[in-house]
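The block underneath contains the structure these notes are about, expressed in structure tokens.
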Protein chains: 2
Amino acid sequence: MTKMIDVANFAGVSTATVSRVLANDPKVKEKTKQKVLKAVDELNYIPNSLARNFRKRSSKNILVVVPTIANPLYPTIISGIQSVAREHNYQVILGDISRNFETELAYLELIRDKAADGVILLAAELPTEEFIEAIKGLPVVLGYRNTVKEENLHSTEDKRGENKRINIFPTVNINNVKSVECVIDHLVQLGHKKIAFFNGPKNSIVSIDRLKGYKQGLVKNGCSFEPELIYYGDWTMNAGYELALELLQSGNDPTAIFTVNDETAVGAIKALKENGLRIPEDIAIVGFDNIELAKFVDPPLTTIAQPKFEFGVHAMELLLKVMNGETISQENIVLESHLIIRESCGSKIKGD
Amino acid sequence: MTKMIDVANFAGVSTATVSRVLANDPKVKEKTKQKVLKAVDELNYIPNSLARNFRKRSSKNILVVVPTIANPLYPTIISGIQSVAREHNYQVILGDISRNFETELAYLELIRDKAADGVILLAAELPTEEFIEAIKGLPVVLGYRNTVKEENLHSTEDKRGENKRINIFPTVNINNVKSVECVIDHLVQLGHKKIAFFNGPKNSIVSIDRLKGYKQGLVKNGCSFEPELIYYGDWTMNAGYELALELLQSGNDPTAIFTVNDETAVGAIKALKENGLRIPEDIAIVGFDNIELAKFVDPPLTTIAQPKFEFGVHAMELLLKVMNGETISQENIVLESHLIIRESCGSKIKGD
DNA sequence: CTGTTAGCGCTTTCAC
DNA sequence: GTGAAAGCGCTAACAG
């Protein structure tokens, strides 16, 4: 294994100079630089990143924790993260917690022991005190988990005295509340008044926000909010399937279902069809995420498109800032999402 | 940041002893061990893995290169890899080449510069001379890319004098040829004689092997092999869709389609349905991989199940061996796959 | 069983 | 613009 000292000897310079050349230090004379570069080439020198990382106290790894990589949402986000990471010579380490949120904290060890320089947390679990304590001061960016603290504000500028969320960490998010309101608007426009909601788990921030959007959307449109039309699942096709069966047996007869994600919708569609219901004639359905599959299910799924790749890009760019110490004050990025109209609601307007 | 010397001082021992305790060296007296552990705990000491890795010349990272993480096959395989990797304190670095196979070699740099200790290559591209040269001597395990050399053997024990594949690297694979023969057997049993094949790209080993299985299956069952019934795509739902449109316009009227993977099948199903064909009444279809979705498409997809998670487990275990220098001679693991019968072929036998 | 000590290969002051 | 030299924090001979 040829090392820096070999290159230095070959080029007739010191290791310091070799190091400078490799770091693109402009102070090095062009001629010296060429000598060094020639030596590097000649000797087939490859810097030992283990030594470099040790010396620089950086692993050049960043950790991305996802609830489960099986949900196609995350691969796309990760692609976005990778594209930025690679530009900056970071490698992405994948932390798949298989929806087992206790293991999330274990991953943070990677930062403490320097195996990772920063972390992007994409699990939208409600943050516990323990969690907040654990990530305090770490180079972390939160995705979807937009809120880590609720405070009652009764100041004058907050006339309604309602809860205000304070993000004490940098975050990337979409506006879940507004997105779901759009869905409800659309369904109501098509004449639906009784809309079921197949939600995610209760302790997910995304679930909570989408529920809020669902409720506000109904109220805004003058529909009644009926708690028994809300079902809780776990984001999977299986959950969608089971929930739909439950709904069918319940005697509630909604004319439309909004599902918390596309996979839940796909599962629901299967159950509905098996029970002889036609979509959208007998019941309309709307998903969320606009995964690749949404276009290919039968019927093609009306859904909310969120900018998955960009989500990753923004998260990584934010993390880069945090790791550089640029973000003392927290930054909270909210990305735009929009409704994609396909055929699962029977709308005549075609999208995509 | 408290370091090993602090712990040593606190416990009244040397750093060597601390190091031994941390490495679980049985030679350390129980009492000394307890003293050290107490100091570790007291001082909240976390070993600096950067220093350790540097010293041990190992990054504790392993690289997994996949064609694209967007194909749900890979996340499951990666889960399997992770489960073994984690047990041995390895982190998984994700190398997604977005089906751009030239970038594969670039990832190998991570090994040369010690940023990764080993690599699992899951891209089933035909191996070039350059590729073989590049991975020679590296701690590498190949998945799906089962063959790196073809040699004409005319020795006595090979009576037929046919090509024999020689794997000069450790590999994990399934028997693609046999799997597809099963599919053809099944279709023929159901009365199909004219079976189209929506394959992957021509330069993929998986495509080549599945094509072989297709051909052999037809011949074995006394069906004629018609090259114009073979279509080449790129594993995506979109490809399946486009290929099905092509097929419909071709005037070929197969009674069944075998697709190289489930996603291609899903795309094809959409196109077929849009054109008024009923599945399986008008045309049968069989996929490959048994991804989660296969069960939820309409109609549920008959497909070949391959042990994805186990695939990852085996690949990682093999890599562990290679990294330990245990595998001088190459090992080639072939996992079992089997047909899952659902409804897309109209068989009365229900599976799963 | 435990301590002493010599680095691992690189970067970065500090001199010149 | 370049070189000398001091470590980064840990592990592994080697010695005792």
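Throughout, protein chains are lettered first and strands after them, A, B, ... in sequence-line order, and every chain is numbered starting at 1. Here the structure is a predicted model, which is why all the values come from computation and not from measurement.
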key: Flag, side chain of T15(A) to backbone of M4(A), donor-acceptor distance under 3.5 Å   =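 Not a single qualifying donor-acceptor pair exists.
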ask   = Hey, is the main chain of T68(A) close enough, under 3.5 Å, to the side chain of R99(A) for a donor-acceptor pair?
value = no
ask   = Does anything in residues 49-75 of chain B pair up under salt bridge (charged side-chain N to carboxylate O under 4.0 Å, His left out), and if so which pairs, sequence neighbours excluded?
value =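 Qualifying pairs, neighbours excluded: none.
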task = Find the distance between CD (Q91(A)) and CG (D117(A)) and round it off to the nearest 0.5 Å.
result = 11.5 Å
ask   = If you measure from OG1 on T128(A) to CD on E104(A), what distance do you get to the nearest 0.5 Å?
value = 8.5 Å
Got [X] and [Y] here, is their nearest side-chain heavy-atom distance under 4.5 Å?
X       : Y       : answer
V119(A) : L108(A) : yes
I77(A)  : V64(A)  : no
V18(A)  : V13(A)  : yes

For DNA chain C, the residues among residues 24-35 of chain B that have a non-hydrogen atom under 4.0 Å from it = K27(B), V28(B), K29(B), T32(B)
key: Distance-only polar pair, side chains of N53(A) and S59(A), donor-acceptor under 3.5 Å   = no
key: Heavy-atom closest contact (S83(A) atom, F309(A) atom, distance)   = OG-CZ, 3.6 Å
query = How far apart are the closest heavy atoms of F131(B) and L105(B), and which atoms are they?
reply = CD1-CD2, 4.0 Å
Helix axis bend for the helix from dC1(C)-dG16(D) to dC16(C)-dG1(D) - C1'-based end axes, five pairs, 10° rounding =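 Inter-axis angle at the ends, rounded: 30°.
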key: Per-nucleotide protein contact string for nucleotides 8-16 of chain D (B base, S sugar-phosphate only, - none; heavy atom under 4.0 Å)   = BBBBBB---
key: Span of DNA chain C, from the first to the last nucleotide whose atoms fall under 4.0 Å of chain B heavy atoms   = dC1(C) to dG9(C)
Got a list of side-chain donor-acceptor pairs under 3.5 Å for residues 20-41 of chain A, not counting sequence neighbours?
residue, atom, partner, partner atom, Å
D25(A), OD1, K27(A), N, 2.8
E30(A), OE2, Q34(A), NE2, 2.6

